[in-house]
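As a basis for the values below, the full set of heavy atoms in this structure was taken, side chains included, without hydrogen atoms, waters or symmetry mates. Nothing fancy with the numbering, it's 1 onward along the sequence.
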Amino acid sequence: MAALGGVRWVTRALVAAPNPRAWRSLCTSAVAQASSRSQGEDVRVEGAFPVTMLPGDGVGPELMHAVKEVFKAASVPVEFQEHHLSEVQNMASEEKLEQVLSSMKENKVAIIGKIHTPMEYKGELASYDMRLRRKLDLFANVVHVKSLPGYKTRHNNLDLVIIREQTEGEYSSLEHESARGVIECLKIVTRTKSQRIAKFAFDYATKKGRGKVTAVHKANIMKLGDGLFLQCCEEVAELYPKIKFETMIIDNCCMQLVQNPYQFDVLVMPNLYGNIIDNLAAGLVGGAGVVPGESYSAEYAVFETGARHPFAQAVGRNIANPTAMLLSASNMLRHLNLEHHSNTIADAVKKVIKVGKVRTSHMGGYAACQDFTEAVIGALSNP
């Protein structure tokens, strides 16, 4: 597993925690359709990288099936260990959550689909998806919004990165009824986590050769909470004089992204804003089906779609677009230091899109999810 050791070294160089001790990031993978094998019977494959796969809800299992088919065709040395966790399919419990956590902690790498969160309150404010991210301390969500050659959208040739703190803020699950008909929902902002995500953003920009970081906030209204986040970003920015630093209020940022997204390079922001901007920016380059994403902690890395949607209305219809998940899987392979396999799969996906003969309805075509997957497999052997 020397390659994996190399990955850990690179990750330590990429992003460090606020303290001097550097951290490592690894990935986790989610799997396709429900496996008949028991979740406790993970079988080790000699020489393969073990990856946890969590298909999730909606079209997640179909997207994971596409990933497994492409990996098999490309002879990728990855062994998926599939687990299932769903609040809408009666597959969620403390026991299942612990099984998933145990697998992810052991493998350090995962690929996951969207775990749908019901709106009904059933006694627990924190969803299983949120609890999973908190228990693994997946504090940094990274979404690389990049135009795909050959696929024309309102804005073309876009290339920007959204970095979102996703362990606190409005998603802290701290709500209560202080008086009848009065609900208080607490937004938590801490100096430690604000500094950590700011440093992550600047380290990312440094590592990737990007020239500007924009901190997105609402400190003009939330003077203490967002004010602290903005202050931490400003303090960290002083440590990186070669990177241009700007600030922008969240509502203005939304407008600017629609009007002139080319002005942005790396954006860093708190939890809720990041969730909104991820989806808005994905729409600029084609929607949720084409943008990959990833989340990092000090020890683990999870690969997923950039805009998290279950697309429940497409379940079983074979119309889902596997582009985002395949590109995310490619990023996972790069994280595992499997550069050749990563490039081969990414190039095949981009070739199919550029040629334009096989596109799902999401991209204005008529091809089924399976057709697109088979086209990618065909492009693997005909670069």
Side-chain angles (χ1 to χ4, degrees), residues 7-27 133 137-146 158-169 189-219 225-250 252-253 256-257 261-278 281 292-303 306 331 334-335:
V7 173
R8 291 172 175 165
W9 186 90
V10 172
T11 304
R12 285 198 294 267
L14 171 61
V15 187
N19 56 46
R21 199 165 55 85
W23 63 276
R24 306 167 302 162
S25 61
L26 289 166
C27 341
R133 296 177 191 279
D137 195 27
L138 295 167
F139 70 92
N141 177 242
V142 180
V143 176
H144 187 181
V145 179
K146 188 173 183 179
L158 279 183
D159 185 359
L160 57 93
V161 177
I162 300 163
I163 296 177
R164 162 193 177 191
E165 205 295 323
Q166 61 177 4
T167 59
E168 58 176 13
V189 180
T190 63
R191 174 174 291 277
T192 297
K193 291 188 175 182
S194 296
Q195 288 178 332
R196 181 170 67 170
I197 196 64
K199 191 173 192 312
F200 183 103
F202 278 93
D203 282 344
Y204 182 96
T206 301
K207 171 67 177 176
K208 301 296 183 179
R210 290 180 173 268
K212 182 170 75 170
V213 171
T214 302
V216 181
H217 64 94
K218 191 65 176 174
D226 278 24
L228 175 59
F229 174 82
L230 182 58
Q231 179 186 349
C232 290
C233 289
E234 291 171 341
E235 291 172 354
V236 171
E238 293 179 0
L239 304 176
Y240 298 82
K242 294 183 179 180
I243 296 178
K244 185 178 180 181
F245 175 65
E246 293 182 350
T247 67
M248 188 172 290
I249 295 173
I250 177 61
N252 184 33
C253 180
Q256 295 295 332
L257 274 168
Y262 303 99
Q263 65 185 288
F264 297 106
D265 194 351
V266 174
L267 299 93
V268 61
M269 61 200 74
N271 209 337
L272 177 61
Y273 310 155
N275 196 354
I276 295 170
I277 295 298
D278 282 348
E294 53 221 53
S295 295
Y296 294 100
S297 75
E299 295 185 75
Y300 316 110
V302 173
F303 293 81
N331 291 340
R334 182 170 293 106
H335 183 79

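Looking at heavy atoms from C-beta onward, I197 lies in side-chain contact with F229 at the 4.5 angstrom threshold. The side-chain heavy atoms of I277 and C253, taken from C-beta on, include a pair separated by under 4.5 Å. Contact check for Q263 versus E246: no side-chain heavy atoms found under the 4.5 Å cut-off. Looking at heavy atoms from C-beta onward, P270 lies out of side-chain contact with V189 at the 4.5 angstrom threshold. Here the side chains of I243 and R210 are not in contact, with every heavy-atom distance at 4.5 Å or above. Counting heavy atoms from C-beta outward, T167 and R196 have side chains that approach closer than 4.5 Å.
Taking all atoms of both residues into account, the shortest heavy-atom contact from Q195 to V236 is O-CG2, 4.1 Å. Residues A215 and L230 share a closest heavy-atom pair of CB-CD1, 4.4 Å. Pairing each heavy atom of V266 with each of A205, the nearest pair is CG2-CB, 4.3 Å.
Judged purely by distance below 3.5 Å, without hydrogens or angles, the side chains of D203 and Y240 pair a donor atom with an acceptor atom.
Summarising the geometry, atom CD1 belonging to I276 is positioned 11.5 Å from atom CD1 belonging to I162; distances are rounded to the nearest 0.5 Å. For the atom pair H217 NE2 and L228 CG, the distance stands at 13.0 Å (nearest 0.5 Å).
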Test log, rule side-chain contact (heavy atoms from CB on, under 4.5 Å), inputs S194 and Q231: CA-CA 9 Å; S194 296; Q231 179 186 349; over 6 Å; no

Stepwise side-chain contact (heavy atoms from CB on, under 4.5 Å) check, V268 with F202: CA-CA 9 Å; V268 61; F202 278 93; 5.7 Å; no

Go through L257 and L160 one step at a time and tell me if the side-chain contact (heavy atoms from CB on, under 4.5 Å) criterion holds. CA-CA 10 Å; L257 274 168; L160 57 93; 4.2 Å; yes

Take K244 and V213, measure what side-chain contact (heavy atoms from CB on, under 4.5 Å) needs, and give me the verdict at the end. CA-CA 6 Å; K244 185 178 180 181; V213 171; over 6 Å; no

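Side-chain N or O atoms of Q166 include one that pairs as donor or acceptor with a backbone N or O of L138 at under 3.5 Å. Remark: the backbone N or O of K193 is not paired with any side-chain donor or acceptor of E165 at under 3.5 angstrom. Between the side chain of R164 and the backbone N or O of M269 there is no donor-acceptor pair closer than 3.5 Å. Proximity of a side-chain donor or acceptor of N141 to a complementary backbone N or O of I163 within less than 3.5 Å is not detected. No donor-acceptor pair under 3.5 Å is formed between the side chain of K218 and the backbone N or O of Y273.
More than 12 heavy-atom neighbours from other residues, nucleotides or ligands sit within 6.0 angstrom of NZ on K212.
Using a 4.0 Å cut-off between a side-chain N of Lys or Arg and a carboxylate O of Asp or Glu, R191 and E235 qualify as a salt bridge. One finds no salt bridge joining K208 and D265 here, because no Lys/Arg side-chain nitrogen approaches an Asp/Glu carboxylate oxygen to under 4.0 Å.
Note: Y296 and F200 have tilted aromatic rings, judged against thresholds of 30 and 60 degrees for the angle between ring planes.
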